[in-house]
Number of protein chains: 2
Amino acid sequence: MARQPARRDTTQPTETTQHTGTTRRTDPLTVDAIVDAACELIAEAGLAALSMRRLGAVLGVDPMAVYHHVNNKRQLLSLVTARVVGAMVLPAADAAWAVRVRGWADAYWAVVVANRDLVAAGLADPVVAAGGIPLVAPLTEAVADSGIRAALVEPNVWLIVDFVHGAALGAAAPLRHAADDLTPLRAAFAAGLDTIVAGIEAQAGG
Amino acid sequence: MARQPARRDTTQPTETTQHTGTTRRTDPLTVDAIVDAACELIAEAGLAALSMRRLGAVLGVDPMAVYHHVNNKRQLLSLVTARVVGAMVLPAADAAWAVRVRGWADAYWAVVVANRDLVAAGLADPVVAAGGIPLVAPLTEAVADSGIRAALVEPNVWLIVDFVHGAALGAAAPLRHAADDLTPLRAAFAAGLDTIVAGIEAQAGG
DNA sequence: ACCTGAACACCGTTCAAGT
DNA sequence: ACCTGAACACCGTTCAAGT
(Lines give C-alpha, C1' and ligand atoms only; values in the text may rest on other atoms or scores of the structure.)
Protein backbone atom coordinates (compact mmCIF):
# COMPACT_ATOMS: atom_id res chain seq x y z
CA MET A 1 0.00 0.00 0.00
CA ALA A 2 2.48 2.59 -1.24
CA ARG A 3 1.95 6.25 -0.56
CA GLN A 4 0.69 7.98 -3.66
CA PRO A 5 3.25 10.23 -5.35
CA ALA A 6 0.47 12.75 -6.01
CA ARG A 7 0.51 16.49 -5.39
CA ARG A 8 2.45 16.94 -2.21
CA ASP A 9 2.69 20.70 -2.28
CA THR A 10 3.28 21.16 1.42
CA THR A 11 6.56 20.41 3.09
CA GLN A 12 6.72 17.01 4.71
CA PRO A 13 4.89 17.33 8.05
CA THR A 14 6.60 16.48 11.29
CA GLU A 15 6.97 12.76 11.74
CA THR A 16 4.15 11.67 13.97
CA THR A 17 3.65 8.06 13.01
CA GLN A 18 6.27 6.51 15.24
CA HIS A 19 5.17 3.32 16.91
CA THR A 20 4.97 4.85 20.35
CA GLY A 21 1.98 6.84 19.19
CA THR A 22 2.60 9.39 21.93
CA THR A 23 4.12 12.20 19.88
CA ARG A 24 2.05 15.35 19.65
CA ARG A 25 1.91 16.87 16.19
CA THR A 26 2.64 20.57 15.81
CA ASP A 27 0.90 21.27 12.48
CA PRO A 28 -2.79 20.93 11.62
CA LEU A 29 -4.23 17.59 10.59
CA THR A 30 -5.05 17.03 6.92
CA VAL A 31 -7.15 14.43 5.16
CA ASP A 32 -4.01 13.38 3.31
CA ALA A 33 -2.10 12.77 6.53
CA ILE A 34 -5.06 10.82 7.93
CA VAL A 35 -5.23 8.55 4.87
CA ASP A 36 -1.42 8.14 5.02
CA ALA A 37 -1.64 6.99 8.61
CA ALA A 38 -4.60 4.69 7.89
CA CYS A 39 -2.69 3.01 5.04
CA GLU A 40 0.36 2.54 7.25
CA LEU A 41 -1.77 1.01 9.99
CA ILE A 42 -3.39 -1.38 7.52
CA ALA A 43 -0.07 -2.27 5.91
CA GLU A 44 1.51 -3.02 9.29
CA ALA A 45 -1.27 -4.87 11.07
CA GLY A 46 -4.18 -5.43 8.71
CA LEU A 47 -7.57 -3.81 8.29
CA ALA A 48 -8.80 -5.12 11.65
CA ALA A 49 -6.14 -2.98 13.33
CA LEU A 50 -7.59 0.21 11.87
CA SER A 51 -9.79 1.87 14.45
CA MET A 52 -10.55 5.55 14.79
CA ARG A 53 -8.98 5.48 18.23
CA ARG A 54 -5.74 3.84 17.12
CA LEU A 55 -5.62 6.21 14.17
CA GLY A 56 -5.74 9.16 16.55
CA ALA A 57 -2.95 7.64 18.62
CA VAL A 58 -0.74 7.14 15.57
CA LEU A 59 -1.41 10.72 14.48
CA GLY A 60 -0.57 12.01 17.95
CA VAL A 61 -3.99 13.54 18.30
CA ASP A 62 -7.21 13.00 20.20
CA PRO A 63 -9.11 10.20 18.45
CA MET A 64 -12.07 12.48 17.87
CA ALA A 65 -10.01 15.11 16.02
CA VAL A 66 -10.14 12.88 12.95
CA TYR A 67 -13.90 13.41 12.76
CA HIS A 68 -13.21 17.05 11.92
CA HIS A 69 -11.74 16.00 8.58
CA VAL A 70 -13.62 12.81 7.77
CA ASN A 71 -17.31 12.15 8.29
CA ASN A 72 -16.97 8.64 9.66
CA LYS A 73 -15.10 5.40 9.31
CA ARG A 74 -16.90 4.32 6.15
CA GLN A 75 -15.81 7.50 4.38
CA LEU A 76 -12.26 6.94 5.61
CA LEU A 77 -12.31 3.43 4.13
CA SER A 78 -13.66 4.89 0.91
CA LEU A 79 -10.73 7.34 0.76
CA VAL A 80 -8.25 4.56 1.49
CA THR A 81 -9.83 2.41 -1.23
CA ALA A 82 -9.60 5.28 -3.71
CA ARG A 83 -5.90 5.68 -3.00
CA VAL A 84 -5.20 1.95 -3.29
CA VAL A 85 -7.06 1.59 -6.57
CA GLY A 86 -5.53 4.82 -7.87
CA ALA A 87 -2.09 3.28 -7.45
CA MET A 88 -2.92 0.62 -10.05
CA VAL A 89 -0.39 0.54 -12.88
CA LEU A 90 -2.23 0.56 -16.19
CA PRO A 91 -0.81 -1.38 -19.14
CA ALA A 92 0.34 0.29 -22.37
CA ALA A 93 -2.52 1.31 -24.67
CA ASP A 94 -0.96 0.31 -27.99
CA ALA A 95 -1.01 -3.48 -27.74
CA ALA A 96 -3.55 -5.94 -29.20
CA TRP A 97 -6.91 -5.95 -27.41
CA ALA A 98 -6.35 -9.35 -25.77
CA VAL A 99 -2.98 -8.25 -24.43
CA ARG A 100 -4.55 -5.12 -22.98
CA VAL A 101 -7.39 -7.11 -21.41
CA ARG A 102 -4.89 -9.45 -19.77
CA GLY A 103 -2.63 -6.58 -18.69
CA TRP A 104 -5.51 -4.72 -17.07
CA ALA A 105 -6.82 -7.83 -15.33
CA ASP A 106 -3.37 -8.78 -14.02
CA ALA A 107 -2.76 -5.27 -12.65
CA TYR A 108 -6.15 -5.10 -10.96
CA TRP A 109 -5.76 -8.64 -9.60
CA ALA A 110 -2.50 -7.63 -7.93
CA VAL A 111 -4.17 -4.62 -6.30
CA VAL A 112 -7.11 -6.64 -5.01
CA VAL A 113 -4.96 -9.50 -3.72
CA ALA A 114 -2.79 -7.03 -1.83
CA ASN A 115 -5.87 -5.46 -0.22
CA ARG A 116 -8.24 -8.37 0.14
CA ASP A 117 -10.17 -7.44 3.25
CA LEU A 118 -10.43 -3.80 2.22
CA VAL A 119 -12.02 -4.86 -1.07
CA ALA A 120 -14.22 -7.42 0.68
CA ALA A 121 -15.48 -4.68 2.99
CA GLY A 122 -15.91 -2.36 0.02
CA LEU A 123 -17.93 -4.80 -2.04
CA ALA A 124 -20.36 -5.17 0.83
CA ASP A 125 -20.60 -1.42 1.42
CA PRO A 126 -21.60 0.98 -1.38
CA VAL A 127 -19.97 3.94 0.39
CA VAL A 128 -16.61 2.18 0.46
CA ALA A 129 -17.07 0.80 -3.06
CA ALA A 130 -17.65 4.33 -4.36
CA GLY A 131 -14.01 5.10 -3.53
CA GLY A 132 -12.91 2.09 -5.48
CA ILE A 133 -14.71 2.32 -8.78
CA PRO A 134 -11.76 1.05 -10.72
CA LEU A 135 -10.35 2.77 -13.74
CA VAL A 136 -12.35 0.63 -16.13
CA ALA A 137 -12.11 2.95 -19.13
CA PRO A 138 -8.98 1.26 -20.57
CA LEU A 139 -10.56 -2.15 -20.06
CA THR A 140 -13.73 -1.03 -21.82
CA GLU A 141 -11.69 0.21 -24.78
CA ALA A 142 -9.76 -3.04 -24.98
CA VAL A 143 -12.94 -5.14 -24.92
CA ALA A 144 -14.59 -2.89 -27.51
CA ASP A 145 -11.55 -3.29 -29.80
CA SER A 146 -12.21 -7.04 -29.93
CA GLY A 147 -14.94 -6.23 -32.46
CA ILE A 148 -17.67 -7.65 -30.27
CA ARG A 149 -21.24 -6.31 -30.62
CA ALA A 150 -21.57 -2.97 -28.80
CA ALA A 151 -24.28 -4.28 -26.48
CA LEU A 152 -21.93 -7.01 -25.29
CA VAL A 153 -19.06 -4.70 -24.31
CA GLU A 154 -20.37 -3.69 -20.90
CA PRO A 155 -21.38 -7.18 -19.69
CA ASN A 156 -17.97 -8.51 -20.70
CA VAL A 157 -16.23 -5.68 -18.86
CA TRP A 158 -18.18 -6.64 -15.73
CA LEU A 159 -17.36 -10.29 -16.32
CA ILE A 160 -13.67 -9.46 -16.13
CA VAL A 161 -13.99 -7.08 -13.16
CA ASP A 162 -16.13 -9.57 -11.26
CA PHE A 163 -13.83 -12.48 -12.05
CA VAL A 164 -10.88 -10.47 -10.71
CA HIS A 165 -12.80 -9.70 -7.52
CA GLY A 166 -13.87 -13.28 -6.98
CA ALA A 167 -10.52 -14.80 -7.87
CA ALA A 168 -8.53 -12.40 -5.72
CA LEU A 169 -10.87 -12.70 -2.74
CA GLY A 170 -10.93 -16.49 -3.13
CA ALA A 171 -7.30 -16.37 -2.12
CA ALA A 172 -8.57 -16.65 1.44
CA ALA A 173 -10.34 -19.91 0.74
CA PRO A 174 -8.73 -23.06 2.06
CA LEU A 175 -7.83 -25.99 -0.18
CA ARG A 176 -7.13 -23.83 -3.19
CA HIS A 177 -3.52 -23.04 -2.44
CA ALA A 178 -0.96 -23.14 0.35
CA ALA A 179 -1.29 -20.22 2.71
CA ASP A 180 1.93 -18.55 1.67
CA ASP A 181 2.15 -19.34 -2.03
CA LEU A 182 -0.15 -17.58 -4.47
CA THR A 183 1.45 -19.14 -7.57
CA PRO A 184 -1.22 -21.81 -8.24
CA LEU A 185 -3.93 -19.22 -7.68
CA ARG A 186 -2.24 -16.95 -10.19
CA ALA A 187 -1.96 -19.76 -12.72
CA ALA A 188 -5.64 -20.62 -12.36
CA PHE A 189 -6.49 -16.94 -12.80
CA ALA A 190 -4.49 -16.82 -16.06
CA ALA A 191 -6.31 -19.92 -17.31
CA GLY A 192 -9.65 -18.35 -16.48
CA LEU A 193 -8.67 -15.29 -18.48
CA ASP A 194 -7.84 -17.59 -21.40
CA THR A 195 -11.42 -18.85 -21.38
CA ILE A 196 -12.82 -15.32 -21.24
CA VAL A 197 -10.61 -14.14 -24.12
CA ALA A 198 -11.56 -17.21 -26.15
CA GLY A 199 -15.21 -16.54 -25.41
CA ILE A 200 -14.99 -12.93 -26.53
CA GLU A 201 -13.14 -14.00 -29.66
CA ALA A 202 -15.85 -16.55 -30.43
CA GLN A 203 -18.57 -13.94 -29.96
CA ALA A 204 -16.68 -11.42 -32.09
CA GLY A 205 -16.12 -13.86 -34.93
CA GLY A 206 -19.72 -15.10 -35.05
CA MET B 1 -32.42 -17.97 4.64
CA ALA B 2 -34.84 -20.85 5.03
CA ARG B 3 -34.48 -23.32 7.85
CA GLN B 4 -32.98 -26.54 6.57
CA PRO B 5 -35.37 -29.49 6.46
CA ALA B 6 -32.55 -31.72 7.77
CA ARG B 7 -32.77 -34.26 10.59
CA ARG B 8 -34.92 -32.66 13.23
CA ASP B 9 -35.29 -35.67 15.45
CA THR B 10 -36.20 -33.75 18.59
CA THR B 11 -39.58 -32.21 19.19
CA GLN B 12 -39.84 -28.55 18.32
CA PRO B 13 -38.30 -26.66 21.28
CA THR B 14 -40.27 -24.07 23.17
CA GLU B 15 -40.63 -20.84 21.22
CA THR B 16 -37.97 -18.52 22.49
CA THR B 17 -37.36 -16.26 19.52
CA GLN B 18 -40.09 -13.74 20.18
CA HIS B 19 -39.02 -10.16 19.64
CA THR B 20 -39.07 -9.32 23.31
CA GLY B 21 -36.09 -11.61 23.82
CA THR B 22 -36.95 -11.97 27.47
CA THR B 23 -38.39 -15.48 27.44
CA ARG B 24 -36.42 -18.07 29.36
CA ARG B 25 -36.01 -21.39 27.59
CA THR B 26 -36.81 -24.55 29.48
CA ASP B 27 -34.84 -27.08 27.46
CA PRO B 28 -31.08 -27.25 26.83
CA LEU B 29 -29.47 -25.22 24.10
CA THR B 30 -28.33 -27.00 20.94
CA VAL B 31 -26.05 -25.95 18.12
CA ASP B 32 -29.00 -26.33 15.78
CA ALA B 33 -31.14 -23.95 17.80
CA ILE B 34 -28.26 -21.46 17.94
CA VAL B 35 -27.80 -21.52 14.17
CA ASP B 36 -31.59 -21.21 13.74
CA ALA B 37 -31.62 -18.09 15.88
CA ALA B 38 -28.56 -16.63 14.14
CA CYS B 39 -30.20 -17.09 10.74
CA GLU B 40 -33.41 -15.44 11.96
CA LEU B 41 -31.46 -12.50 13.36
CA ILE B 42 -29.59 -12.08 10.07
CA ALA B 43 -32.76 -12.44 8.00
CA GLU B 44 -34.57 -9.85 10.09
CA ALA B 45 -31.90 -7.21 10.58
CA GLY B 46 -28.80 -8.13 8.60
CA LEU B 47 -25.44 -9.58 9.51
CA ALA B 48 -24.44 -6.46 11.45
CA ALA B 49 -27.28 -7.20 13.88
CA LEU B 50 -25.81 -10.57 14.78
CA SER B 51 -23.86 -10.27 18.00
CA MET B 52 -23.22 -12.94 20.56
CA ARG B 53 -25.03 -10.83 23.12
CA ARG B 54 -28.14 -10.30 20.99
CA LEU B 55 -28.08 -13.98 20.10
CA GLY B 56 -28.23 -14.85 23.77
CA ALA B 57 -31.12 -12.47 24.26
CA VAL B 58 -33.07 -14.01 21.37
CA LEU B 59 -32.42 -17.48 22.75
CA GLY B 60 -33.56 -16.40 26.20
CA VAL B 61 -30.23 -17.32 27.69
CA ASP B 62 -27.15 -15.65 29.12
CA PRO B 63 -25.05 -14.43 26.18
CA MET B 64 -22.11 -16.52 27.35
CA ALA B 65 -24.07 -19.78 27.32
CA VAL B 66 -23.66 -19.90 23.56
CA TYR B 67 -19.90 -20.32 24.02
CA HIS B 68 -20.58 -23.72 25.52
CA HIS B 69 -21.80 -24.99 22.15
CA VAL B 70 -19.78 -22.91 19.70
CA ASN B 71 -16.12 -21.97 19.97
CA ASN B 72 -16.48 -18.36 18.88
CA LYS B 73 -18.26 -16.04 16.49
CA ARG B 74 -16.18 -17.06 13.49
CA GLN B 75 -17.20 -20.68 13.94
CA LEU B 76 -20.80 -19.59 14.29
CA LEU B 77 -20.56 -17.72 10.99
CA SER B 78 -19.00 -20.80 9.44
CA LEU B 79 -21.97 -22.90 10.59
CA VAL B 80 -24.43 -20.32 9.28
CA THR B 81 -22.58 -20.24 5.95
CA ALA B 82 -22.70 -24.03 5.71
CA ARG B 83 -26.45 -23.99 6.25
CA VAL B 84 -27.03 -21.23 3.69
CA VAL B 85 -24.91 -22.90 1.02
CA GLY B 86 -26.41 -26.29 1.85
CA ALA B 87 -29.84 -24.90 0.98
CA MET B 88 -28.76 -24.37 -2.62
CA VAL B 89 -31.06 -26.10 -5.11
CA LEU B 90 -28.97 -28.10 -7.57
CA PRO B 91 -30.13 -28.42 -11.18
CA ALA B 92 -31.04 -31.73 -12.78
CA ALA B 93 -28.06 -33.86 -13.78
CA ASP B 94 -29.35 -35.11 -17.12
CA ALA B 95 -29.22 -31.96 -19.22
CA ALA B 96 -26.51 -30.85 -21.67
CA TRP B 97 -23.29 -29.66 -20.03
CA ALA B 98 -23.90 -25.98 -20.84
CA VAL B 99 -27.38 -26.12 -19.37
CA ARG B 100 -26.02 -27.68 -16.19
CA VAL B 101 -23.25 -25.06 -15.96
CA ARG B 102 -25.81 -22.28 -16.29
CA GLY B 103 -28.19 -23.93 -13.85
CA TRP B 104 -25.51 -24.35 -11.22
CA ALA B 105 -24.26 -20.79 -11.63
CA ASP B 106 -27.77 -19.33 -11.45
CA ALA B 107 -28.57 -21.29 -8.29
CA TYR B 108 -25.32 -20.31 -6.58
CA TRP B 109 -25.71 -16.69 -7.70
CA ALA B 110 -29.13 -16.56 -6.01
CA VAL B 111 -27.66 -17.91 -2.77
CA VAL B 112 -24.78 -15.45 -2.75
CA VAL B 113 -26.94 -12.44 -3.65
CA ALA B 114 -29.32 -13.31 -0.82
CA ASN B 115 -26.42 -13.50 1.64
CA ARG B 116 -24.00 -10.91 0.34
CA ASP B 117 -22.36 -9.70 3.51
CA LEU B 118 -22.11 -13.19 4.93
CA VAL B 119 -20.25 -14.33 1.82
CA ALA B 120 -18.13 -11.16 1.80
CA ALA B 121 -17.12 -11.87 5.38
CA GLY B 122 -16.51 -15.50 4.49
CA LEU B 123 -14.27 -14.80 1.53
CA ALA B 124 -12.04 -12.69 3.75
CA ASP B 125 -11.95 -15.30 6.52
CA PRO B 126 -10.82 -18.89 5.84
CA VAL B 127 -12.63 -20.20 8.91
CA VAL B 128 -15.94 -18.84 7.64
CA ALA B 129 -15.19 -19.88 4.07
CA ALA B 130 -14.60 -23.44 5.23
CA GLY B 131 -18.30 -23.62 6.08
CA GLY B 132 -19.18 -22.48 2.59
CA ILE B 133 -17.15 -24.63 0.29
CA PRO B 134 -19.93 -24.90 -2.21
CA LEU B 135 -21.15 -28.12 -3.67
CA VAL B 136 -18.92 -27.83 -6.71
CA ALA B 137 -18.99 -31.51 -7.67
CA PRO B 138 -21.95 -31.15 -10.08
CA LEU B 139 -20.32 -28.09 -11.64
CA THR B 140 -17.06 -29.96 -12.10
CA GLU B 141 -18.89 -32.79 -13.83
CA ALA B 142 -20.72 -30.38 -16.12
CA VAL B 143 -17.51 -28.62 -17.12
CA ALA B 144 -15.72 -31.92 -17.66
CA ASP B 145 -18.56 -33.08 -19.94
CA SER B 146 -17.79 -30.19 -22.28
CA GLY B 147 -14.91 -32.30 -23.57
CA ILE B 148 -12.31 -29.77 -22.51
CA ARG B 149 -8.76 -30.96 -21.70
CA ALA B 150 -8.65 -32.48 -18.21
CA ALA B 151 -6.10 -29.96 -16.97
CA LEU B 152 -8.47 -27.14 -17.86
CA VAL B 153 -11.45 -28.43 -15.90
CA GLU B 154 -10.44 -27.12 -12.50
CA PRO B 155 -9.44 -23.60 -13.61
CA ASN B 156 -12.73 -23.24 -15.46
CA VAL B 157 -14.67 -24.40 -12.42
CA TRP B 158 -12.95 -21.69 -10.38
CA LEU B 159 -13.61 -19.17 -13.12
CA ILE B 160 -17.34 -19.82 -12.75
CA VAL B 161 -17.30 -19.88 -8.94
CA ASP B 162 -15.23 -16.69 -8.78
CA PHE B 163 -17.41 -14.94 -11.35
CA VAL B 164 -20.49 -15.77 -9.30
CA HIS B 165 -18.84 -14.39 -6.16
CA GLY B 166 -17.72 -11.19 -7.85
CA ALA B 167 -20.96 -10.61 -9.73
CA ALA B 168 -23.18 -11.25 -6.72
CA LEU B 169 -21.07 -9.14 -4.36
CA GLY B 170 -20.89 -6.38 -6.96
CA ALA B 171 -24.60 -5.97 -6.37
CA ALA B 172 -23.59 -3.55 -3.62
CA ALA B 173 -21.67 -1.34 -6.04
CA PRO B 174 -23.29 1.94 -7.04
CA LEU B 175 -23.95 2.87 -10.67
CA ARG B 176 -24.47 -0.69 -11.75
CA HIS B 177 -28.14 -0.98 -10.95
CA ALA B 178 -30.88 0.76 -9.02
CA ALA B 179 -30.81 -0.11 -5.35
CA ASP B 180 -33.99 -2.16 -5.40
CA ASP B 181 -33.90 -3.78 -8.83
CA LEU B 182 -31.48 -6.60 -9.51
CA THR B 183 -32.81 -7.30 -13.03
CA PRO B 184 -30.02 -5.53 -14.98
CA LEU B 185 -27.41 -7.16 -12.77
CA ARG B 186 -28.98 -10.55 -13.48
CA ALA B 187 -29.00 -9.87 -17.21
CA ALA B 188 -25.33 -8.87 -17.18
CA PHE B 189 -24.55 -12.03 -15.23
CA ALA B 190 -26.29 -14.17 -17.87
CA ALA B 191 -24.32 -12.43 -20.63
CA GLY B 192 -21.07 -13.08 -18.76
CA LEU B 193 -21.98 -16.75 -18.53
CA ASP B 194 -22.54 -16.73 -22.32
CA THR B 195 -18.93 -15.64 -22.80
CA ILE B 196 -17.65 -18.31 -20.43
CA VAL B 197 -19.65 -21.06 -22.14
CA ALA B 198 -18.49 -19.84 -25.56
CA GLY B 199 -14.89 -19.82 -24.29
CA ILE B 200 -15.14 -23.37 -22.97
CA GLU B 201 -16.71 -24.49 -26.25
CA ALA B 202 -13.88 -22.86 -28.22
CA GLN B 203 -11.27 -24.57 -26.04
CA ALA B 204 -13.06 -27.92 -26.31
CA GLY B 205 -13.35 -27.75 -30.08
CA GLY B 206 -9.65 -26.81 -30.62
C1' DA C 1 -11.53 26.64 12.99
C1' DC C 2 -9.76 23.03 15.18
C1' DC C 3 -9.00 19.96 19.01
C1' DT C 4 -10.23 17.71 23.60
C1' DG C 5 -12.36 14.66 26.99
C1' DA C 6 -16.17 12.72 28.94
C1' DA C 7 -19.94 9.99 27.90
C1' DC C 8 -23.24 6.67 25.43
C1' DA C 9 -24.27 2.48 23.74
C1' DC C 10 -22.33 -1.07 22.28
C1' DC C 11 -18.66 -5.23 21.02
C1' DG C 12 -16.06 -10.49 21.61
C1' DT C 13 -14.22 -13.19 24.99
C1' DT C 14 -12.31 -15.03 29.69
C1' DC C 15 -13.03 -16.86 33.92
C1' DA C 16 -14.54 -18.05 38.47
C1' DA C 17 -18.74 -19.21 40.45
C1' DG C 18 -23.03 -21.29 40.66
C1' DT C 19 -26.70 -25.36 39.80
C1' DA D 1 -22.62 -30.70 32.10
C1' DC D 2 -24.42 -26.54 31.47
C1' DC D 3 -25.42 -21.82 32.56
C1' DT D 4 -24.51 -17.20 34.88
C1' DG D 5 -22.58 -12.67 35.88
C1' DA D 6 -18.87 -9.82 36.52
C1' DA D 7 -14.95 -8.19 34.31
C1' DC D 8 -11.41 -6.99 30.58
C1' DA D 9 -10.15 -4.68 26.75
C1' DC D 10 -11.89 -2.82 23.32
C1' DC D 11 -15.33 -0.38 19.49
C1' DG D 12 -17.84 4.07 16.57
C1' DT D 13 -19.87 8.23 17.43
C1' DT D 14 -22.06 12.52 19.83
C1' DC D 15 -21.59 16.56 22.14
C1' DA D 16 -20.44 20.30 25.12
C1' DA D 17 -16.37 22.55 26.31
C1' DG D 18 -12.05 24.46 25.54
C1' DT D 19 -8.21 27.23 22.65
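Per chain, numbering begins at 1; letters A, B, ... match sequence-line order.
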* Find which nucleotide of DNA chain C each of A/H68 and B/N72 is nearest to by heavy atoms, and output the residue with the more 5' nucleotide. => A/H68
* Asked: When you check the phosphate oxygens OP1 and OP2 of C/dC3, does a side-chain N or O of A/H69 lie under 4.0 Å from one of them?
  -> yes
* B/R54 vs C/dC11: side-chain N/O to OP1/OP2 distance below 4.0 Å -> yes
* Asked: Only one of A/I160, A/D106, A/D145 forms a side-chain contact (heavy atoms from CB on, under 4.5 Å) with A/V101, so which one is it?
  -> A/I160
* **Derivation of the side chain to side chain donor-acceptor pair (under 3.5 Å) call for A/T183 and A/D181** => CA-CA 6 Å; A/T183 319; A/D181 182 19; 2.4 Å; yes
* **Nearest heavy atoms of A/G192 and B/L159, plus distance in Å** => O-CD2, 3.7 Å
* Closest non-hydrogen atom pair between B/S78 and B/A130, with its separation -> OG-C, 4.3 Å
* B/I34 has an atom CD1; how far is it from atom P of D/dC2, in whole Å? -> 11 Å
* Asked: Between C/dA16 atom C1' and B/Y67 atom OH, what is the distance in whole Å?
  -> 17 Å
* To do: Answer yes or no: is there a side-chain heavy-atom contact under 4.5 Å between A/Y108 and A/L135?
  => no
* Determine yes or no for a side-chain-to-main-chain donor-acceptor pair under 3.5 angstrom, with B/R53 supplying the side chain and B/P63 the backbone. => no
* Roughly, in whole Å, what's the span from CG in A/L55 to P in C/dC3? -> 13 Å
* Quick one: B/M52 CE to C/dC10 P, roughly how many Å, whole number? -> 18 Å
* Asked: Is the distance from OP1 or OP2 of D/dA9 to the nearest side-chain N or O of A/R53 less than 4.0 Å?
  -> no
* DNA chain C base-pair string [pairs: Watson-Crick or G-U under 3.5 Å; |: paired with another strand] -> ||.|||||...|||||.||
* Structure fact -> Taking D/dC11, D/dT4, C/dT4 as options, the one with an atom nearest any side-chain atom of B/D62 is D/dT4
* CD/A/Q75: more than 12 non-hydrogen atoms of other groups inside 6.0 Å -> yes
* Integer-rounded Å distance: C/dT4 P and A/L59 CG -> 11 Å
* Taking atom P of C/dT4 as reference, at what distance in whole Å does atom CE of A/M64 sit? -> 11 Å
* Asked: How far, in whole Å, is C/dA9 from D/dA9 if one measures between their P atoms?
  -> 23 Å
